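Because the structure is a prediction, the values reported are computed rather than measured.
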Amino acid sequence: LSVCQMNGSVGPMRVLVTGGSGLVGRAIERVVKEEGGGREGEEWIFLSSKDANLVSAEETRAVFQKHRPTHVIHLAAMVGGLYKNMRQNLDFWRNNMHINDNVLHTSQEFGVVKVVSCLSTCVFPDKTTYPIDETMHNGAPHESNYGYAYAKRMIDVHNRALFQQYGLKYTAVIPTNMFGPHDNYNIEDGHVMPGLIHKTYLAKKEGKPLQVWGSGRALRQFIYSLDLSRLFLWVLREYDEVEPIILSVGEEDELTVKDAVDAVAEEFGFEGDVIYDTSKSDGQIKKTANNAKLRKYLPDFKFTPFKQAVQETCDWFAANHDSARK
């Protein structure tokens, strides 16, 4: 609904996007502005960490006071890849708990109609059966990033309690491994795809072998940030459950890290040696997610083919190498 009937105010949505300068925030901005994802009269505000430090309750209140949103897409988080998580579990737990509590509580306080937050497949138990579905959060997450995982899990707890106590329909999405333009391409602390893209770009440029961390056998479902953004808009406008929804390609589209390496190498025309450093952790070997719930709602949604998405992302990185986050 573009009209905020639920809180008694009528008029176009004013959507505040936290983490608006990140991978998903920038993709949502593109879909809203360039693909007709926005609707007439709507206002979209994309916040970056420069606008407000959401770890601070005061700064969070001030930014809500300033923009008075009717809807919020909550993407802001302290994030990092496997190795950064392993080093800083306490920081990930505390910072993300503060950010999430501030955004959800302040949204409630300011009468926000709907908040869509972003979870992660790492919220699911390490020891579980596959494929994972939305109901399976009964068990400890993987030890490598339990601080981040538990903080993300608490968003769902907060949402359920808000519904129970106040009848609010705040919800969350659970994307699988996302990638695309405007990602963080830091080699030490980034996620699988952006790290690979940056490393392969450098290996090709310097004529050196490509060093990949881990065995390459880990399985992942990759989702292109633009596909994810189109789905985020659908969740904001149409999805009416508090229960989270997994946003992912199907199980049949699960790939190994080696498949991703091969796709990126082909894209950059890298023909040198690839060395898999098996002294480095693979993280969870698989975390296969079931997208049956998404398919029940949107049976005809078309995901961008993986190779095309990799091509667009590699092209973006090569063109924006100097200014990309790394």
Side-chain angles (χ1 to χ4, degrees), residues 22-38 75 81 118 120-121 131 173-185 187 190-205 210 212 216 218-235 245-272 274 286-291 294-295 297-321 323-326:
L23 169 68
V24 186
R26 294 296 290 262
I28 290 175
E29 186 169 18
R30 184 168 143 191
V31 171
V32 165
K33 291 181 177 169
E34 295 172 27
E35 291 188 10
L75 307 171
C118 197
S120 155
T121 47
V173 303
I174 308 172
T176 47
N177 277 59
M178 45 192 157
F179 71 99
H182 301 283
D183 207 340
N184 180 351
Y185 294 88
I187 287 172
H191 288 101
V192 179
M193 277 303 279
L196 276 180
I197 287 169
H198 191 176
K199 278 185 181 177
T200 309
Y201 176 88
L202 292 176
K204 162 88 175 170
K205 198 168 127 185
L210 171 59
V212 179
L219 288 157
R220 295 293 180 262
Q221 285 153 299
F222 293 103
I223 182 167
Y224 190 34
S225 58
L226 289 158
D227 291 337
L228 183 58
S229 300
R230 295 167 191 132
L231 291 170
F232 248 106
L233 291 186
W234 168 77
V235 170
I245 184 166
I246 289 170
L247 301 182
S248 174
V249 297
E251 295 161 61
E252 67 283 0
D253 292 316
E254 191 170 48
L255 300 170
T256 64
V257 169
K258 184 182 183 304
D259 292 330
V261 171
D262 293 346
V264 172
E266 185 182 336
E267 201 41 57
F268 280 129
F270 174 78
E271 288 165 357
V274 181
K286 67 183 273 164
K287 30 186 177 177
T288 318
N290 179 344
N291 73 351
L294 173 65
R295 283 299 183 205
Y297 278 107
L298 295 177
D300 301 325
F301 183 82
K302 296 265 187 297
F303 288 94
T304 307
F306 181 66
K307 285 186 92 147
Q308 182 190 332
V310 168
Q311 181 185 354
E312 289 177 17
T313 307
C314 290
D315 288 351
W316 184 89
F317 181 73
N320 296 276
H321 175 262
S323 59
R325 283 186 297 162
K326 51 191 189 298

**Asked** Please walk me through it: do Leu219 and Thr288 pass side chain to side chain contact (heavy atoms under 4.5 Å, CB included)?
**Response** CA-CA 8 Å; Leu219 288 157; Thr288 318; 5.5 Å; no
**Message:** Using the side chain to side chain contact (heavy atoms under 4.5 Å, CB included) definition, which of the options Asn291, Leu228, Leu298 pairs with Leu247?
**Reply:**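 Exactly one pass, corresponding to Leu228.
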Decide yes or no for [X] and [Y]: does some side-chain heavy atom of the first lie under 4.5 Å from some side-chain heavy atom of the second?
X      : Y      : answer
Val192 : Phe179 : no
Pro181 : Thr313 : yes
His321 : His198 : yes
Trp234 : Leu294 : yes
Leu210 : Val261 : yes

Taking the side chain from [X] and the backbone from [Y], do they hold a donor-acceptor pair closer than 3.5 Å?
X      : Y      : value
Thr200 : Val264 : no
Lys307 : Glu267 : no
Lys204 : Gly269 : yes
Arg220 : Leu255 : no
Asp259 : Thr256 : yes

**Prompt:** How would you list, by chain and number, every residue that makes a side chain to side chain contact (heavy atoms under 4.5 Å, CB included) with Ala318, sequence neighbours excluded?
**Reply:**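 Ala318: side chain to side chain contact (heavy atoms under 4.5 Å, CB included) contacts with Tyr201, Phe268.
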Compare every heavy atom of [Y] with every heavy atom of [X], then report the nearest pair and how far apart it is.
X      : Y      : answer
Val212 : Lys199 : CA-NZ, 4.3 Å
Ile197 : Cys314 : CG1-SG, 4.1 Å
Val257 : Leu196 : O-CD1, 4.4 Å
Asp253 : Val249 : CB-CG2, 3.7 Å
Ala289 : Pro131 : C-CB, 4.1 Å
Ser248 : Gln221 : OG-NE2, 3.5 Å

For the atom pair [atom1] ([X]) and [atom2] ([Y]), what is the distance rounded to the nearest 0.5 Å?
X      : Y      : atom1 : atom2 : result
Lys258 : Asp262 : NZ    : CG    : 3.5 Å
Thr304 : Arg230 : OG1   : CZ    : 5.0 Å
Ile245 : Leu231 : CD1   : CG    : 8.5 Å
Tyr224 : Met193 : OH    : CE    : 10.5 Å
Ser229 : Arg26  : OG    : CZ    : 12.0 Å
Lys326 : Ile187 : NZ    : CD1   : 10.0 Å

**Message:** Does Asn177 form a side chain to side chain contact (heavy atoms under 4.5 Å, CB included) with Lys287? I'd like the steps, not just the answer.
**Reply:** CA-CA 10 Å; Asn177 277 59; Lys287 30 186 177 177; 4.2 Å; yes
**Request:** Identify, with sequence neighbours excluded, every residue that meets salt bridge (Lys or Arg N to Asp or Glu O under 4.0 Å) alongside Glu251.
**Result:** none
**Asked** Which class fits the ring pair Phe317 and Tyr185: parallel under 30°, tilted 30 to 60°, perpendicular over 60°?
**Response** tilted
**Request:** Indicate, with yes or no, if the rings of Phe303 and Phe301 have centres closer together than 6.0 Å.
**Result:** yes
